[in-house]
There are 2 protein chains.
Amino acid sequence: MSKNVPASSVPTRDRLLDAFEELLVEGGERSATLDAVAAAAAVSKGGLLYHFSSKGALIEGMLARLDALAKEDAENIRTAPAGPVDYLIRTSVHTGSPLDRAYIAGSRLAQGRDPRAMQVLGDIRRRWLSVIEDAVHDPDTAEAIMLISDGLYVNSSLAEHELAPQEHTAESMTRLITLIGRILPQT
Amino acid sequence: MSKNVPASSVPTRDRLLDAFEELLVEGGERSATLDAVAAAAAVSKGGLLYHFSSKGALIEGMLARLDALAKEDAENIRTAPAGPVDYLIRTSVHTGSPLDRAYIAGSRLAQGRDPRAMQVLGDIRRRWLSVIEDAVHDPDTAEAIMLISDGLYVNSSLAEHELAPQEHTAESMTRLITLIGRILPQT
DNA sequence: TTTACTGTACCGGCTGGACGGTATAGTTGT
DNA sequence: ACAACTATACCGTCCAGCCGGTACAGTAAA
């Protein structure tokens with residue numbers, strides 16, 4: 001009955017957050033019930049409520065972790081060797097990174113009209129846009145690049161589970177970035 | 001012989017579909033319950049189930065109408081006086097048109113992982129992409145334009161109810177279209 | 001033209017299951 | 001001893017789907 005598995009090197013709290021995100025990504029808001037989250041994290045329902053006293057607390061915990069990851073990422077974008085635009089576009093297709101998963105999970109909640117999730121996602125986008133604006137020195141160009149990034153995210157999200165409208169391969173991303181080069185202000 | 005109810009010139013079936021879409025758009029998947037749909041359409045629950053024998057049937061009815069609207073729209077894009085790209089981009093921000101509403105409603109279901117909704121949305125996107133490809137004669141450029149369109153849709157959807165990351169005005173759309181002009185293959 | 005019947009459109013109460021949350025008694029590792 | 005759980009039972013609410021009605025329009029034979 002006991003899980004003495006060494007898998008529990010990860011704290012239960014984080015495993016619960018991971019399970020919550022996974023359920024949101026795979027099955028949408030409706031499937032992410034407290035019972036399901038507890039089961040997926042191999043924790044009893046009581047155990048879940050020990051760490052997060054309500055579903056709202058679970059959501060806030062998840063959004064807080066997303067926000068922290070996004071802050072790190074903004075710094076990665078700013079200091080990327082190949083440049084912010086290259087980095088942003090390439091990381092806009094899902095790689096299965098913690099930030100990816102957390103971001104999609106947050107999107108699911110935002111689609112469910114959760115105001116906290118909408119707030120956090122809005123903040124993250126503003127942060128990214130600001131970094132790109134600093135890099136390209138033109139608001140309209142920055143906005144266009146952000147739109148492409150947004151589009152990639154959405155498509156990647158739909159494509160994740162079969163039936164992609166189009167594969168976004170490394171080569172196609174390179175061609176896309178070349179194309180974006182044409183809208184950058186001439187230096 | 002006249003209808004004693006002049007207000008409901010719209011058939012009940014369509015009013016139910018309208019109400020379903022509205023609830024999906026405004027409140028997400030969770031709020032679009034059968035009771036809520038019936039109430040919003042000023043019909044009893046029994047009346048709803050007379051027209052749509054299950055929630056699945058309601059979803060399928062909504063998606064069928066969306067698909068029909070999208071087919072008309074693809075034709076509008078192809079034959080637009082200002083050109084397909086101009087038309088596609090300008091109609092990617094929400095105007096409150098029936099297609100807009102239906103499309104967002106479909107997106108909500110797709111985020112909830114409904115395979116029928118994902119299928120329909122995928123078909124629609126492929127149709128649009130195909131029209132743009134015919135217009136710009138380059139797959140990569142067409143894909144980039146579609147990504148911007150996707151991005152506009154998502155942002156418009158988040159912006160709809162307060163807290164837009166950025167207003168998308170008529171002027172900013174014109175500037176965006178000018179920018180897109182730079183990635184078109186030289187003629 | 002009355003009576004009997006049929007189909008369409010709709011009402012509203014009910015049930016069973018799922019979900020969020022509470023409670024509580026017991027267990028395990030440090 | 002205390003924190004970190006497990007296990008189980010329970011409550012109120014919400015929801016999808018079901019069912020027994022009602023109202024009425026048309027139709028058709030007597």
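Reminder, nothing fancy here: chain letters follow the sequence lines and each chain counts from 1.
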[Y] side chain reached by [X] side chain, heavy atoms, under 4.5 Å:
X: I183(B); Y: I183(A); value: yes
X: M118(A); Y: R113(A); value: yes
X: T174(A); Y: R90(A); value: yes
X: R65(B); Y: D14(B); value: yes

Send over the distance from [X] [atom1] to [N] [atom2], rounded to a whole Å.
X: D35(B); N: dA16(D); atom1: CG; atom2: C1'; value: 9 Å
X: L34(B); N: dG17(D); atom1: CG; atom2: P; value: 6 Å
X: L16(B); N: dA9(C); atom1: CG; atom2: P; value: 12 Å
X: E29(B); N: dC14(D); atom1: CD; atom2: C1'; value: 15 Å

(request) Please determine, for the side chain of T33(B), which listed nucleotide (dG20(C), dC15(D), dT6(D)) has the closest atom? (result) dC15(D)
(request) For a side chain to side chain contact (heavy atoms under 4.5 Å, CB included) with I177(A), tell me which candidate from D86(A), L88(A), I145(A), I148(A) qualifies. (result) D86(A)
(request) Kindly state which residues belonging to residues 44-61 of chain A come within less than 4.0 angstrom of DNA chain D, counting heavy atoms of the residue only, listed by number. (result) S44(A), G46(A), G47(A), Y50(A), H51(A)
(request) Apply side chain to side chain contact (heavy atoms under 4.5 Å, CB included) to Y103(A) and list each qualifying residue two or more places apart in sequence or on a separate chain. (result) L66(A), S107(A), L121(A), I124(A), W128(A), Y153(A)
